[in-house]
Amino acid sequence: MQKVCVVGLGYIGLPTAALLANSQFQVHGVDINQKAIDMINNGQVHIYEPDLDKMVQNAVNNGNLQASTLPEKADVFVVAVPTPFTENYKPDLAYVEQATRSISPYLEPGNIVILESTSPVGTTEKVAKWILEERPDLNITGNSENRIFVAHCPERVLPGEILKELVENDRIIGGIDEESTKKTVQFYKKFVKGEILETNARTAELAKLTENAFRDVNIAFANELSMICDELNINVWELINLANHHPRVNILQPGPGVGGHCIAVDPWFIVDAAPETAKLIRTARMVNDSKPYFVIEKIKEVTKNLQNPTIVCLGLAFKANVDDLRESPAVKIVKELSAIYDQTIYVAEPHIEELPKDLLELNVQLVKTEEAIEKADVVVLLVDHDYFKEINPRVFEGKKLIDTRGIYKNEEERMTRLSIRI
Ligand code: SAJ
């Protein structure tokens, strides 16, 4: 049985570890979060992803998955740690460097080190360099007996669909040389059903960033359209629906902004690498980042002539049907509202039990959806959770509704119930 050491047990690392441990691998998971380690070793999970709890429990019970704060010797090392950006939008590789240096003492000739974290171009080469700094006895090229193999295989899974997509998605594999690519392909072929595409490390890195930048640019197009439509008093949802009937047009959906830890972050890595040239990618980021402020301006407009209106926000997550609040535009909007208004801002988020720490300290209160809507003068719909789609639109009668996700697309409904279309 091959042994795999997975470093970083978050939204990517833990599902990957669980999947491997439920196939033919012995898995040792590593994380700096002791609480997460304890939970995993008890067969529990510290993040929500459909079916992940069952898989972790099964793997731990079978003895194929165990976790610790320290790495162990293995055949394959998978690094799946965060790659955030700094305040001035520069990639922060501290976690990748720390993870790489932490596994270096455990490496043995013949091992494969795979970087799965979304990374700026050149990071996989840096991983190899950091390993050699720690382990000058190892080699990363040629036929030497002491050689190890280093490659990038970017994760591409969609939160909410992770366990399915880990197996079914096509994977891009780019080694620091051809041998590294080939060895890594052999590993992924053991559990991936999708096509495996071979390239070099730098192209693999840019391919992943390109996928997310592509989506960001397309969402920015939809968001810009929604602001143009607001100016021209045109229903953007109807407009997009009409345009999408063209066989070669497929416009995405506008919303309150772009959240999550990927699409709102990764395009900056391209901008950082080619600041003069990546004009469209930078502008798209700025359009999407400006959208929450547009929504806030709309709320201010609606509440202008109301005395101490009760404002209710529906949804905090960064997108529909997840509990993930990272980089969520909804959280940003609620925070801004709490600074603008003295009265309590009510929030309904059916996917969480309590508010995150930074909102707990503010004049923000988490309430049940129905209760919230009942007391509202103004309802701001921020996330298109299925739960909110089930709401009978009659409950909004007599209230002002700002629907940033276009749940109520029917023109007649919109005209009678919505004060503002965005
Ligand atoms: N959004 C819109 N309108 C749309 C689609 C999305 O406003 O039409 C918003 C969402 O509400 C959310 C944000 O964009 O705030 C991002 O959501 P998403 O569902 O587009 O993507 P993520 O961040 O959950 O996952 C993305 C995926 N990348 C692509 O689809 C190209 C996923 O495959 C990647 O693995 C993931 O990033 C990642 O980890 O990089």
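Note that the coordinates shown come from a computational prediction; the quantities given were computed from them, not determined experimentally.
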(message) Would you call the rings of His385 and His351 parallel, tilted or perpendicular, taking 30° and 60° as the class edges?
(response) tilted

(request) Identify whether the distance between the nearest side-chain nitrogen and carboxylate oxygen of Glu205 and Arg202 falls below 4.0 Å. (result) no

(message) Considering only residues two or more places apart or on different chains, which pairs with a residue in residues 316-349 satisfy ring pair (Phe, Tyr, Trp, His ring centres under 6.0 Å)?
(response) none

(message) If the condition is salt bridge (Lys or Arg N to Asp or Glu O under 4.0 Å), which residues does Lys368 pass it with, not counting sequence neighbours?
(response) none

(message) Closer than 4.0 angstrom, basic N to acidic O: yes or no for Arg171 and Glu116?
(response) yes

(request) Go through the side-chain N and O atoms of Lys298 and Thr404 and say whether any donor and acceptor fall under 3.5 Å apart. (result) no

(message) I need the single residue from Asp216, Val271, Leu280 that forms a side chain to side chain contact (heavy atoms under 4.5 Å, CB included) with Arg285. Which is it?
(response) Asp216

(message) So if I apply the side chain to side chain contact (heavy atoms under 4.5 Å, CB included) rule between Leu314 and each of Asp403, Ile391, Leu401, which one comes out positive?
(response) Ile391

(message) Arg394 vs Glu397, test: salt bridge (Lys or Arg N to Asp or Glu O under 4.0 Å). Steps then yes/no.
(response) CA-CA 5 Å; Arg394 285 190 165 276; Glu397 257 162 35; 3.6 Å; yes

(message) Using every non-hydrogen atom in the two residues, find where Pro356 and Leu316 come nearest and quote the distance to one decimal.
(response) CD-CD1, 4.4 Å

(message) I'd like to know if Lys300 pairs up with Glu297 as an ion pair, taking the criterion as any Lys NZ or Arg NE/NH1/NH2 lying under 4.0 Å from an Asp or Glu carboxylate oxygen.
(response) yes

(message) Do the side chains of Glu133 and Arg101 get close enough for a salt bridge, i.e. N-O under 4.0 angstrom?
(response) yes

(message) For Gly160 versus Pro50, what's the shortest heavy-atom pair and its separation?
(response) O-CG, 3.7 Å

